[in-house]
Structures are given as C-alpha cells and as structure tokens.
Student: 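Here you go, one structure.
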Amino acid sequence: MHVLILGGGVVGVTSAYYLARAGHQVTVLERQPGAGLETSFANAGQVSPGYSAPWAAPGIPVKALKWLMMRHRPLVLWPRLEPRLYAWLTRMLANCTEEAYQRNKGRMVRLAEYSRDALRDLRTETGIAYDHREKGTLQLFRTRKQLDHVGDDTRVLDAYGVPYTVLDPAGCIAAEPALAAVRDVFVGGLRLPGDETGDAHLFTQRLAALCAGLGVTFRYGTAIARLHDAGDRVTAVETGDGALLRADAYVAALGSYTPALLRPLGIALPVYPVKGYSLTLPITDAEAAPVSTVMDETYKVAITRLGDRIRVGGTAELAGFSSALRGPRRETLARSVQDLFPAGGDLGKASFWTGLRPMTPDGTPIVGGTRVGNLFTNTGHGTLGWTMACGSGRLLADLVSGRAPEIASDDLALDRYAA
C-alpha cells in the first residue's frame, strides 16, 4: 500500500521506518524543514519503560493542589476559558483511582517494554548512534515520605517482571557517583537498570536518513490543511498550498495537533497539550555529571547525560498551545540540577527550550485504527513519546498491514474511551 504519515517527529518517523520495512510505499508530511524539530527536539532524553506511569493516580488531586502552591512547582495551570481543557481535566480526575491507575500503568509498561526491545533490535539492525547509554534510571527521593511510598510503583513493576532495586543513599551514590558531593540532599532512590537514555532529535534525524534509504519520501515544509473523506474513508490530504495528496492508508501522528485535524471527521481525540521545558548545558566536569538519568522526584525533573551535554527536563504547564519561554520554569530546572550536580555543567551556557507533549487523560497513547476505515492514529504519548516511539511504530505497522501485533493492542486504540 501507499501510506501517508502526517507528522515527522520521532513517532511519525519510527512509524515510517517500520511501514517501509513491511514493504509499503511511505510518504511523510512535515511542516518543519526537517525531522524531529518540535516536541522531539529537546526532550528529557529518557527511554524509561520502568518509569512509565500515568499522571492520573490516587492522591494526585491533593498533590496537585500542593504543587500549585510551590515556588518551584512541577505543575502550572494558567486559568483560561477553554472547555476542552476542563473536559480533559475531568476525564483525568476520573482516572485517579487505584483500579484505573493499575490498569493504565499496566498498558503503558506493556507498550514501553516492547518499545525498548524494538529500539534495541533497531540499533542492532542499523548501527544507529544517538548519544545513547544503557545505564538505567535513578528516581531520587529527597524525603522519607517519598521513599515510604515507593511500593505504589513497584507493585506493577513486579507484575510485569520489570527489574528494580530500592536503594539507600550509599546505593544511590554507587549508581551515580557524583551524588556523593550532595549526600545530605536525598534519603534514597529507586533504580531501574533496564532504562536507557539518548538524544531523541539526533535519533529521529538519523532514522529519517535511513528511511530515505528504504525509499521513504519526506515532504518537509508541507503544512496540512485538512483531510477529505467519503464518510467511511479518507480520500485525500489537502496541504497548505491546496494540493491534494492521496494514499491507501493515512497515519495521524501530529502530536498535540492531531485532534484539530480529526475533529471535522467526527473523531474526538482526548489529547491535550501539556507544555514541558528543558535546559541543555555543556558538561564542564565529567566526574561531577550524571552517569545516566536521575529523576528528581520532588520537582519532577529529569537530569540526563547526553554525550558531552546534560539535559534537564520537566514541568507540566497547562497553557494551551503557548510556546512562550517563561523564566520561572527555567529557575526550577536550574534549581534541580544545581542541587544535585552543582559542578557538572555550565548553566551560563545553557539553551532553554519548550515543547508541547500530547497527553491523554489516562496517560496511555492512542495507537490503532479509527471508525474511518483507512485512518490510523499514533499520538497521545505525553512525556513518553521517545520511550514508546519504536514500539508504537512497530505495532502500528502491523495493524496497517493487517498482521497480528506482537503485543495486546485492543486497549490502546481510541475506542477504549467509548467503553
């Protein structure tokens, strides 16, 4: 078949790779001048199946109120008269039960573990390099209360056989030696040795080049105006210059912008943009920098080593489609990395970035078919687009090809919201 993929971020490009490998003719439409230049550009750098969990969890409503009061708050809500935001928040709150949390985390871990394995296979097959490391994630607890509640996460890890170790301060220092300089800041941690790190932008660009070698056509600088349909099928994509592009199947992988494209077809995607920020700073002392990823649980900030740089990512800001870089968000990221790795990098030379994460109310991406027969979605990955990209792309290629997927996937499609 000829498949048109709408979106050239890490999710769209991995979808293109696996569809091309399955023998399809693939075209990718992307409004930017290259691949991976929006949400995939400067994310936290984690490939963290062990850390895959929905934001909607028991106790989150109370925690969220506390976070909103913090100076260095991980959650920011800009009051706005936007019905879609409040409908999304209502659905998210409905998922803040123990039953929903366990169900949603199970779905996410299943896809994320599959994706980590798919990424490893892809790396073996292609030799692709993207400043990756296979040295795990350390979730760092600053308070005894955080450490005492670690069992909330490890129960699902046990159920899916995900390896982990609960560490005392000495164990944390053994995993991340630079933390010895700030021993009094934390009380323990949870280490997930199966997690990885890597530069999602570099990966996306290099995988796009590999895709081109497989015959994939990339049409950069191509805005998508709307979809044409005949009720039960998409018939064409209309581009910003009025051209009509036709294919046998269509994959919507536009991140936070996917709902607006599908809404005229009567498809309601519960995806909302949750703005994240990052700092990228050059390493000044390799011994004082992180080995892999350290997740600062208090500020919900991830600090990751990417080659000769440190990437510091975090914050959940509900501000619609605003791309404004806000000073207080930079201060939070800077505070976390200064606390934990004060001599590791040069904050004076840090670049500041923001991107829109496409979030679903239950945390799980929406991967699969729709009521429009030849239209598929691969979106809604939230903070885990890099973690889940290869698994989602491989799964999607199987679904488009009519093959049985290698993992259970019925509960990943859009129709789970109709249940």
Side-chain angles (χ1 to χ4, degrees), residues 44-60 63 74 98-120 132-180 183 185-198 290-305 313-314 336 340-341 363-364 381-388 390-391 407:
Q46 299 167 266
V47 178
S48 300
Y51 200 73
S52 298
W55 288 4
I60 284 296
K63 287 182 181 179
E98 183 63 32
E99 179 184 2
Y101 177 78
Q102 295 297 331
R103 178 182 66 244
N104 296 331
K105 185 173 176 69
R107 291 169 174 169
M108 295 171 73
V109 170
R110 181 205 317 152
L111 179 58
E113 288 277 295
Y114 176 63
S115 189
R116 196 257 330 276
D117 293 344
L119 174 58
R120 288 176 175 174
H132 71 276
R133 289 187 166 211
E134 301 171 69
K135 295 183 180 295
T137 293
L138 176 63
Q139 184 179 3
L140 202 67
F141 304 124
R142 292 174 182 256
T143 70
R144 175 58 57 181
K145 185 177 181 181
Q146 291 170 345
L147 184 59
D148 289 344
H149 282 81
V150 71
D152 297 343
D153 287 325
T154 58
R155 280 193 294 274
V156 176
L157 299 179
D158 286 332
Y160 281 85
V162 179
Y164 66 87
T165 308
V166 179
L167 302 174
D168 60 11
C172 294
I173 292 168
E176 288 284 353
L179 292 175
R183 166 66 185 78
V185 173
F186 56 93
V187 299
L190 173 66
R191 185 165 185 270
L192 301 157
D195 287 2
E196 301 181 5
T197 58
V291 170
S292 187
T293 290
V294 173
M295 184 71 195
D296 186 343
E297 181 64 16
T298 297
Y299 300 118
K300 302 294 184 183
V301 167
I303 304 169
T304 300
R305 185 173 187 148
S336 181
L340 300 178
F341 300 98
T364 311
H381 297 76
T383 59
L384 296 165
W386 180 206
T387 293
M388 296 181 173
C390 286
I407 60 170

Student: In Å and rounded to the nearest 0.5 Å, what is the OG1 to CE distance from Thr383 to Met388?
Tutor: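 Reported value, rounded in 0.5 Å steps: 8.0 Å.
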Student: If you compare all heavy atoms of Ser292 against all heavy atoms of Gly136, which two are closest, and at what distance to 0.1 Å?
Tutor: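 Looks like OG-O, 2.5 Å.
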Student: Decide side-chain contact (heavy atoms from CB on, under 4.5 Å) for Glu297 and Val150; before the verdict, give the C-alpha distance in whole Å, the side-chain angles of both, and the deciding distance to 0.1 Å.
Tutor: CA-CA 11 Å; Glu297 181 64 16; Val150 71; over 6 Å; no
Student: Could you tell me which non-hydrogen atom of Lys105 sits nearest to which non-hydrogen atom of Ala53, and how far apart they are?
Tutor: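 Here Lys105 and Ala53 meet closest at NZ-CB, 3.4 Å.
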Student: In the structure I gave you, are the side-chain heavy atoms of Leu192 and Ser48 within less than 4.5 Å of one another anywhere?
Tutor: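 When only atoms from C-beta onward are counted, Ser48 and Leu192 do not touch, as no gap falls below 4.5 Å.
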Student: Quick check against the 3.5 Å criterion: does Trp386 have a side-chain atom that pairs as donor or acceptor with the backbone of Gly198?
Tutor: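 It does hold such a pair.
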Student: About how many Å separate CG of Leu119 and CD of Glu134, when rounded to the nearest 0.5 Å?
Tutor: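 Spacing of CD (Glu134) from CG (Leu119) equals 8.5 Å.
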Student: Name the residue from Arg120, Arg116, Arg305 that meets the salt bridge (Lys or Arg N to Asp or Glu O under 4.0 Å) definition with Glu196.
Tutor: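 For Glu196, the salt bridge (Lys or Arg N to Asp or Glu O under 4.0 Å) check succeeds only for Arg120.
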Student: May I ask you to test the Val162-Pro49 pair for a side-chain heavy-atom distance under 4.5 Å?
Tutor: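 Val162 does not reach Pro49 side chain to side chain.
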Student: Any side-chain heavy atom of Thr137 within less than 4.5 Å of one from Tyr164?
Tutor: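 No, too far: nothing below the 4.5 Å cut-off.
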Student: Which pair of heavy atoms, one from Leu340 and one from Val294, lies closest together, and at what distance?
Tutor: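 That closest heavy-atom pairing would be CD1-CG1, 4.2 Å.
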Student: For Thr293, what residues pass the side chain to side chain donor-acceptor pair (under 3.5 Å) criterion, not counting sequence neighbours?
Tutor: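 Thr293 satisfies side chain to side chain donor-acceptor pair (under 3.5 Å) with Thr304 once adjacent residues are dropped.
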Student: Rounded to the nearest 0.5 Å, what's the gap from OG on Ser52 to CG on Asn104? Could you check?
Tutor: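 One gets 12.5 Å once the value is rounded to the nearest 0.5 Å.
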Student: Heavy-atom distance under 4.5 Å between the side chains of Gln139 and Arg191, does that happen here?
Tutor: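 Gln139 vs Arg191: side chains apart.
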Student: Are Thr387 and Tyr51 close enough that some pair of their side-chain heavy atoms sits under 4.5 Å apart?
Tutor: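 They are not in contact (no side-chain heavy atoms under 4.5 Å apart), so the answer is no.
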Student: Taking side-chain contact (heavy atoms from CB on, under 4.5 Å) as the criterion, tell me which of Val291, Val185, Leu138 meets it with Leu179.
Tutor: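 Filter result, single survivor: Leu138.
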Student: Give the minimum heavy-atom separation between Phe186 and Cys172, together with the two atoms involved.
Tutor: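 Taking every non-hydrogen atom into account, CE1-CB, 3.8 Å.
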Student: Determine whether a donor-acceptor pair (N or O, by modelled atom type, separation under 3.5 Å) exists between the side chain of Asp195 and the backbone of Gly50.
Tutor: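 Here the side-chain-to-backbone pair exists.
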Student: What is the minimum heavy-atom distance between Ser115 and Cys390, and which atoms define it?
Tutor: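 That would be OG-N, 3.3 Å.
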Student: Sequence neighbours excluded, which residues qualify as side chain to side chain donor-acceptor pair (under 3.5 Å) partners of Thr364?
Tutor: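 By the side chain to side chain donor-acceptor pair (under 3.5 Å) rule, Thr364 matches no residue at all.
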Student: For a quick test of reading the model, state the closest non-hydrogen atom pair linking Gly391 to Tyr114 and the distance between them.
Tutor: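 Of all heavy-atom pairs spanning Gly391 and Tyr114, the closest is O-CE2, 3.5 Å.
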Student: Stepwise, does the side-chain contact (heavy atoms from CB on, under 4.5 Å) test hold for Val166 with Leu147?
Tutor: CA-CA 9 Å; Val166 179; Leu147 184 59; 4.1 Å; yes
Student: Is Phe141 close to Leu190 at the side-chain level, that is, under 4.5 Å between some pair of heavy atoms?
Tutor: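 Result yes, sub-4.5 Å side-chain heavy-atom pair found.
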Student: Is the shortest distance from a Lys or Arg side-chain nitrogen in Glu113 or Arg110 to a carboxylate oxygen in the other one below 4.0 Å?
Tutor: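 No, Glu113 and Arg110 are not salt-bridged.
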